[in-house]
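All chains are named by letter (A, B, ...) in the order of the sequence lines, taking the proteins before the strands, and each is independently numbered beginning at 1. Computed over heavy atoms, backbone and side chain alike; hydrogens, waters and symmetry mates excluded.
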Number of protein chains: 2
Amino acid sequence: MTDGTRERFLDASARLFRRQGYAGTGLKLITAESGAPWGSLYHHFPGGKEELGVATITRSGRRYEKVLHNLAAEATDTAQIIEDYFQLSVEALAASDYADGCPVATVALEAASTNEALRHCCAEVFASWQLALAERLEADGLAPDAAAELAVFALATFEGAVMLSRTARDPGPLRVSARLTARAIRTAIATSR
Amino acid sequence: MTDGTRERFLDASARLFRRQGYAGTGLKLITAESGAPWGSLYHHFPGGKEELGVATITRSGRRYEKVLHNLAAEATDTAQIIEDYFQLSVEALAASDYADGCPVATVALEAASTNEALRHCCAEVFASWQLALAERLEADGLAPDAAAELAVFALATFEGAVMLSRTARDPGPLRVSARLTARAIRTAIATSR
DNA sequence: GTCTATAGCTTGATAGAC
DNA sequence: GTCTATCAAGCTATAGAC
C-alpha cells in the first residue's frame with residue numbers, strides 16, 4: 001500500500017472538518033479518530049494543521065470532481081446531471097443526520113480572511129468544479145462565456161442550498177433549488193439554439 | 001441610553017464572527033475589541049459564548065431583514081431588489097478586502113452539527129429573509145407556493161455566490177449570479193400572468 | 001526513523017476581592 | 001453589583017527517549 005496512516009489522517013480530518021469546521025476541530029481529535037499515534041501526524045504533515053487542512057480540502061475537491069465527471073459520463077442531459085448532483089447531497093444529508101454537507105464550504109468561509117494558503121486551496125477546488133460544469137455546458141452548444149457564467153451560477157446555488165438545507169435540517173431548499181437550477185439551464189440551452 | 005456596553009460586545013462579536021467564525025474567535029479577543037472589561041461580558045451574557053453568539057446572529061438577522069425591507073420599499077421591480085441586494089454585498093466585500101460576507105453563513109455551517117441553539121437561531125434568520133422575499137414575490141402576483149420556492153432559490157444562490165466571491169476574492173460570482181437570478185425571477189413573474 | 005511525553009499558550013468560565 | 005485574578009482544559013508544536 002502507498003501509505004495507510006496518511007490516508008487515515010486524511011479520512012478523519014475530511015470527516016471532522018466537514019462537520020465541525022477547521023478552527024473547531026483539534027489535531028488531538030483527528031489523531032484519536034484516525035487511530036494513529038499522535039507523533040505520526042507531524043511525520044506525515046510537517047507543516048502541521050495547515051498542511052493537513054490543505055491536503056484534506058484538495059483531496060475532497062478531487063473526489064467530488066470525479067463524481068461530477070462520472071455523472072456527466074452517464075447522463076445525456078446536463079440539466080439532469082445537476083439534478084443528480086443535488087440529489088446526491090440530499091441523500092448524504094439524510095444519511096448523516098444533516099452532518100455531511102459540502103466538504104469545502106465551512107473551511108472556505110472560515111479561512112477566507114484568516115489563512116491565505118487554505119483560502120487559495122478552497123478557491124482552486126471551487127474553480128475546478130466550476131470548470132467541470134462549464135465544459136459540459138459547452139458540449140451542449142453554449143458559448144464559452146455563457147457556459148462559464150451558468151456554471152458559476154449553478155455552483156453558487158448548490159452551495160447555498162446545501163447550507164440552507166443543513167441549517168434548517170430540511171431537504172426542501174436543495175430540492176427546490178435543483179428543480180429551478182435545472183430549469184434555468186434548460187432555458188439557456190434552448191434559447192442558445 | 002439602553003446599554004452601551006452590551007451593544008459594544010454585540011458590535012465586536014458580529015464583526016469577528018462574520019470574518020473568523022464562531023470557533024475561531026475567542027471571547028478574549030471580543031472583549032479586547034469591544035473595549036469593555038473582561039468581567040462585564042458574563043454580566044451581560046450569563047450564558048457565556050453561546051448566548052453571545054445567539055444574540056449576535058439574531059441581531060444581524062434583524063438588521064439585514066430591515067435592509068431587505070428598505071430596498072423593497074424603494075424599488076418597484078422585485079428582480080431589481082434582488083440585484084440591489086447582491087450589489088450591496090459586492091460593495092461590502094470590496095470595502096472590507098473581502099472580509100465582510102454574510103454575517104450568518106460561517107456560523108451557520110460551523111454550528112449546524114455542533115450547537116443546536118446556534119443552529120436553530122441561524123435557521124430562523126434564514127427563514128426570516130426567505131419570508132421577506134416571498135412576500136414581495138407574492139405582491140408581484142406569484143402564487144404562495146411559487147413565491148416561497150423562488151425566494152428559497154434566490155437566497156440559496158445569494159449565499160453561495162457570496163461564498164464563492166469571498167473565497168476567490170473576485171466579485172464575479174456575485175455579479176453573474178445577480179444577473180441570472182434576476183432573469184429567473186422576471187421569467188417566473190412573466191409566465192405566471 | 002517512530003512516537004511518547006510535555007512545553008508553552010490560549011481557551012471559556014468563575015471564585016472571591018472590592 | 002463590578003470586575004480582577006486565576007482556574008482547569010484545550011490547543012499546536014516539539015524535544016528527546018527509544
Side-chain angles (χ1 to χ4, degrees), chain A residues 1-57 106-107 109-111 113-119 121, chain B residues 1-57 106-107 110-111 113-119 121-122:
Chain A
M1 64 185 170
T2 51
D3 195 330
T5 304
R6 194 188 145 94
E7 285 298 304
R8 284 213 305 279
F9 275 124
L10 290 171
D11 284 340
S13 61
R15 192 168 56 245
L16 289 165
F17 287 159
R18 194 214 281 238
R19 300 182 177 202
Q20 317 184 354
Y22 180 78
T25 305
L27 295 182
K28 288 261 167 66
L29 182 59
I30 292 174
T31 49
E33 292 233 346
S34 75
W38 167 247
S40 63
L41 196 155
Y42 279 87
H43 169 69
H44 292 287
F45 301 96
K49 193 180 190 180
E50 186 178 283
E51 184 182 343
L52 177 63
V54 169
T56 301
I57 295 295
T106 313
V107 177
L109 287 179
E110 287 181 280
S113 305
T114 60
N115 185 318
E116 178 56 21
L118 217 42
R119 179 203 68 77
C121 164
Chain B
M1 66 183 170
T2 51
D3 196 330
T5 303
R6 194 187 145 93
E7 286 296 305
R8 283 214 306 279
F9 275 125
L10 290 171
D11 284 341
S13 61
R15 190 168 57 245
L16 290 165
F17 286 159
R18 190 210 270 232
R19 300 182 177 202
Q20 317 184 359
Y22 180 77
T25 305
L27 295 181
K28 291 261 165 67
L29 181 59
I30 292 174
T31 51
E33 292 233 347
S34 75
W38 167 246
S40 64
L41 196 156
Y42 280 86
H43 169 68
H44 292 288
F45 302 96
K49 193 180 191 181
E50 185 178 286
E51 184 182 345
L52 177 63
V54 169
T56 302
I57 294 295
T106 313
V107 178
E110 287 181 278
S113 306
T114 60
N115 186 317
E116 178 56 21
L118 216 43
R119 179 203 67 78
C121 165
C122 292

Quick one: [X] [atom1] to [N] [atom2], roughly how many Å, whole number?
X: A/Leu41; N: C/dT2; atom1: CG; atom2: P; result: 14 Å
X: B/His44; N: C/dA13; atom1: NE2; atom2: C1'; result: 17 Å
X: B/Leu16; N: C/dT11; atom1: CG; atom2: P; result: 12 Å

Are the side chain of [X] and the backbone N or O of [Y] linked by a donor-acceptor pair below 3.5 Å?
X: A/Ser13; Y: A/Leu10; result: yes
X: A/Thr31; Y: A/Lys28; result: yes
X: A/Glu110; Y: A/Ala23; result: yes

According to the interplanar angle, ranging from 0 to 90°, do the rings of B/Phe9 and B/Phe45 count as parallel (below 30°), tilted (30 to 60°) or perpendicular (above 60°)?
perpendicular

With B for base contact, S for sugar-phosphate-only contact and - for none (protein heavy atoms under 4.0 Å), nucleotides 3-18 of chain D reads -BB-----BBBB----

Any chance you could measure A/Gln20, atom CD, to B/Asn115, atom CG, to the nearest 0.5 Å?
12.0 Å

